[in-house]
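This report refers to the structure that appears directly beneath it.
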Amino acid sequence: MTLDPSENDLPYHGLYINGAWCDAEGGRAFDVIEPATGAKLARVASASKADVDRAVAAARDAFDNGPWPHTPHYERARILHELAKLIEENTAELAELESRDGGVPLRATTFNDIPLGLHMMHVFGELARRSPYEPLPWNDFPTLSWNFVWRNPFGVCAQIIPWNYAFCMTIWKLAPALATGNTVVFKPSSLAPLSSIALVKLIDESGLLPKGVINLVTGPGAETGEYLVGHPQVDKIAFTGSTEVGRKIMAIAAPHIKKVTLELGGKSPSILLPDADLDKAVDGALFGMFYHAGQLCEAGTRCFVHSSIYDEVVERMVARTRQLRVGDPLDLSTDIGPLISYRQRDTVERYIAIGREEGARLAIGGGRPVGEIYERGPFLEPTIFTNVDNRSRLAQEEIFGPVLAVIRYDEIGEAIAMANDTMYGLAASVWSRDLQQAIEVAKRIRAGTVGINEHHVLNPYAPFGGFKESGIGREMGVAGLLEYTEPTHIHVDFQQNRAGKLWWDALLPPIEGDE
Ligand code: NDP
């Protein structure tokens with residue numbers, strides 16, 4: 001894999017348009033910073049409106065005039081499996097790159113994030129084998145007919161992702177779009193674009209896709225991203241990011257009635273029922289919260305604990321959190337890396353101050369770890385507030401950092417009501433030894449994914465997405481695949497004799513005097 005096309009020490013990555021790497025207009029570019037050290041990792045082209053126009057035109061041409069939308073589905077499936085092989089061959093480099101670019105511990109990127117992305121690519125290869133033909137029952141009213149649904153690709157898709165979980169997110173955007181014959185203009189976040197760029201380089205080097213099928217533009221969301229989603233030649237927008245930007249994108253999509261899928265924020269609950277196995281539940285809830293330093297949309301940021309186990313859970317949580325190692329993401333013993341940026345740490349620290357002002361009890365953390373390596377990046381201690389009021393800002397607003405709100409409840413119904421009392425509905429977890437009871441609770445949670453005795457549940461066969469202001473539509477699974485298709489109902493008439501059919505003479509009453 002060639003990650004560095006430049007002769008200089010600092011890798012430079014251009015835009016990828018119509019099957020070729022190129023500079024942005026006027027040579028515009030920005031630096032990508034390694035969060036853990038503050039070092040420059042790469043210089044990346046910053047696309048202007050004219051560059052976005054070129055990328056969209058390439059995707060448009062590849063869709064309207066190229067072979068990809070008409071390539072047989074089984075051939076597209078084969079290509080996705082080939083791409084998966086390339087990821088597999090480059091797992092170690094991709095994992096290191098993702099860790100350095102996003103500040104994610106190498107243990108997580110090596111053993112979960114990159115292998116999961118690889119698995120997702122294979123699963124979409126498998127789903128791509130589904131024929132775009134869906135039979136419907138024979139119909140005999142008003143006429144005998146054979147009916148089926150033909151699944152068409154949408155056309156040109158604008159896809160935008162955030163900085164967290166960037167590699168997996170790139171795959172769960174690109175793979176279903178490719179599987180169904182669309183063409184794409186893809187924009188990663190300026191804060192962590194490198195694993196997306198690396199994947200596009202692998203795809204480019206493989207020569208497996210016709211030119212123009214995938215185009216990559218990098219640059220600031222408010223300029224490059226906003227212009228891309230509003231582009232009249234874009235047919236569909238798939239956006240993952242904050243609810244605030246999601247609202248803006250819906251408004252931009254409205255004048256052209258562009259189709260949108262939105263994967264937005266969350267404030268997901270983990271509910272510990274009175275009979276929870278505390279050895280698993282405490283560790284699991286903390287993993288649900290602190291994985292990726294809490295910078296995951298589905299992070300279990302509100303933990304509801306029954307009053308009969310509350311004191312023990314809090315005590316165990318504090319003891320376990322004390323053991324978590326905050327540090328260098330490249331050190332395999334690190335549990336929690338830095339936040340993505342100093343700006344993000346400022347935001348999280350503001351919420352820690354809000355939690356204190358609101359009267360929650362700071363049980364552990366709340367500050368910056370002390371030591372030489374922590375001076376180099378935006379590190380923060382894993383933080384737990386107890387005695388939190390579910391209506392407080394700490395419990396209602398997405399923080400996107402390592403801050404857990406622990407909330408006491410007395411009745412299970414009360415826990416469910418509080419868990420649902422949020423504008424979000426992305427994910428949840430329920431912890432109990434009684435699986436039947438846990439399933440009944442799960443069914444009453446208004447969220448797209450509910451894990452039982454498990455929190456971060458990303459299964460590429462299953463739909464992923466949010467209720468309420470957590471989004472629109474689903475990604476992954478068959479539901480995610482279908483989001484990239486427009487169905488056409490095709491009706492084939494089988495009745496040669498028109499008598500009694502839905503036809504002009506069946507609609508009009510006989511005219512008096514006519515034979
Ligand atoms: P943002 O919404 O700020 O940015 C997300 C992406 O959108 C980035 O690529 C950004 O570009 C771009 N962008 C920003 N403004 C605009 C705009 N006006 N028009 C078009 N594109 C724009 O989110 P963050 O990057 O801060 O990511 C964190 C958020 O993502 C959290 O709210 C989290 O919950 C959510 N998320 C949701 C997931 C889900 O599946 N539901 C999964 C993961 C995260 P740039 O960064 O280059 O400026």
Side-chain angles (χ1 to χ4, degrees), residues 30-33 44-47 49 52 101-102 104 113 120 158-173 185-194 196-197 216-231 234 237-253 258 260-268 291-301 339-341 343-348 397-401 422-427 447-449 456-458 463-476 480 483:
F30 61 94
D31 292 333
V32 177
I33 306 296
V44 172
S46 180
K49 288 182 180 176
V52 173
D101 198 20
V104 185
D113 302 6
M120 284 172 176
Q159 301 184 320
I160 298 185
I161 63 161
W163 41 266
N164 67 309
Y165 228 51
F167 185 74
C168 277
M169 203 95 67
T170 307
I171 289 178
W172 88 54
K173 286 276 183 288
V185 181
F186 179 88
K187 193 200 94 62
S189 165
S190 307
L191 288 171
L194 298 184
S196 308
I197 294 173
L216 171 92
V217 291
T218 35
E223 290 172 49
T224 314
E226 201 160 317
Y227 185 68
L228 171 62
V229 292
H231 201 291
V234 164
I237 302 163
F239 171 79
T240 299
S242 59
T243 294
E244 189 189 341
V245 175
R247 280 193 198 102
K248 217 182 239 182
I249 285 179
M250 261 185 104
I252 294 170
K258 282 187 211 271
V260 290
T261 44
L262 301 174
E263 298 291 344
L264 308 175
K267 195 74 193 178
S268 301
Y291 192 46
H292 282 232
Q295 301 165 108
L296 286 173
C297 52
E298 82 282 2
T301 47
L339 298 185
I340 189 71
S341 65
R343 196 165 157 221
Q344 186 65 17
R345 185 171 70 178
D346 289 347
T347 304
V348 178
E397 296 177 17
E398 188 180 48
I399 300 173
F400 228 60
T422 158
M423 68 183 219
Y424 297 112
L426 192 57
T449 302
H456 293 292
V457 191
L458 284 174
F464 180 82
F467 285 37
K468 300 188 266 182
E469 294 180 38
S470 285
I472 293 179
R474 291 293 180 270
E475 293 194 301
M476 294 194 274
E483 297 278 3

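For ligands, and for the atoms within them, numbers begin at 1 and follow the listed sequence.
Each of the atoms 37 (C), 38 (C), 39 (C), 40 (O), 41 (N) of ligand 1 lies under 4.0 Å from some heavy atom of Glu263. The contact set between ligand 1 and Trp163, taken as ligand atoms under 4.0 Å from a residue heavy atom, comprises 24 (P), 25 (O), 26 (O), 27 (O). For ligand 1, the atoms closer than 4.0 angstrom to any heavy atom of Val245 are 2 (O), 15 (N), 16 (C), 17 (C), 22 (C). Shown in contact with Phe464 at under 4.0 Å from a heavy atom are these atoms of ligand 1, numbered in order with element: 40 (O). Each of the following atoms of ligand 1 lies closer than 4.0 Å to a heavy atom of Leu426: 41 (N). Here is the list of ligand 1 atoms found below 4.0 Å of a heavy atom in Lys248: 18 (N). With ligand atoms numbered from 1 in the order given, ligand 1 contributes 42 (C), 43 (C) to contacts under 4.0 Å with heavy atoms of Met169. Against a heavy-atom cut-off of under 4.0 Å, Pro188 is close to the following atoms of ligand 1: 9 (O).
Checked by distance only, ligand 1 and Lys187 come closer than 3.5 Å through their nitrogen or oxygen atoms. Residue contacts with ligand 1: Ser190 is placed with a nitrogen or oxygen under 3.5 Å of a nitrogen or oxygen of the ligand (distance criterion only). Between Ser470 and ligand 1, no N or O atom pair is found at a separation short of 3.5 Å.
By the criterion of a heavy-atom distance under 4.0 Å, the side chain of Glu398, and not its backbone, is placed next to ligand 1.
Protein heavy atom closest to atom 46 (O) of ligand 1, with residue, atom name and distance, is Ser189 OG, 3.0 Å. Among all non-hydrogen protein atoms, the one lying nearest atom 13 (N) of ligand 1 is Gly221 CA, 3.4 Å. Annotation: atom 41 (N) of ligand 1 to nearest protein heavy atom, Leu264 O, 2.7 Å. The nearest protein atom to atom 7 (O) of ligand 1, hydrogens excluded, is given as Phe239 CE1, 3.2 Å; this is a heavy-atom distance. Given atom 8 (C) of ligand 1, the protein heavy atom at minimum distance is Ile161 O, 3.4 Å. Nearest to atom 35 (C) of ligand 1 among the protein's heavy atoms is Gly241 O, 3.1 Å. At the shortest separation from atom 2 (O) of ligand 1 among protein heavy atoms lies Ser242 OG, 2.7 Å. At the top of the distance list for atom 42 (C) of ligand 1, counting protein heavy atoms only, stands Cys297 SG, 2.7 Å.
Remark: distances from the non-hydrogen atoms of Gly219 to ligand 1 include one below 4.0 Å. A heavy-atom separation below 4.0 Å is found between Phe400 and ligand 1. Assignment of Ile160 to the shell around ligand 1 is supported, since a heavy atom sits closer than 4.0 Å. Judged by the shortest distance from any of its heavy atoms, Leu191 lies outside the 4.0 Å radius around the atoms of ligand 1.
Taking 4.5 Å as the limit, every side-chain heavy atom of Val185 sits out of range of all side-chain heavy atoms of Val52. Side-chain contact between Val245 and Ile249 is present, with heavy atoms from C-beta onward closer than 4.5 Å. Between Pro188 and Thr170, every side-chain heavy-atom pair lies at or beyond the 4.5 Å cut-off.
Atom 48 (O) of ligand 1 is approached by the protein to below 4.0 angstrom, counting heavy atoms only.
Within the model, atoms CG of Leu264 and SG of Cys297 stand 9.5 Å from one another, a figure rounded to the nearest 0.5 Å. Between the CZ atom of Phe400 and the CG atom of Leu339 there is a distance of 10.5 Å, given to the nearest 0.5 Å.
For atom 18 (N) of ligand 1, the nearest non-hydrogen atom from the set Glu226, Glu244, Arg343 comes from Glu226.
Using modelled atom types, one finds a donor on one side chain and an acceptor on the other under 3.5 Å when comparing Lys173 with Thr240.
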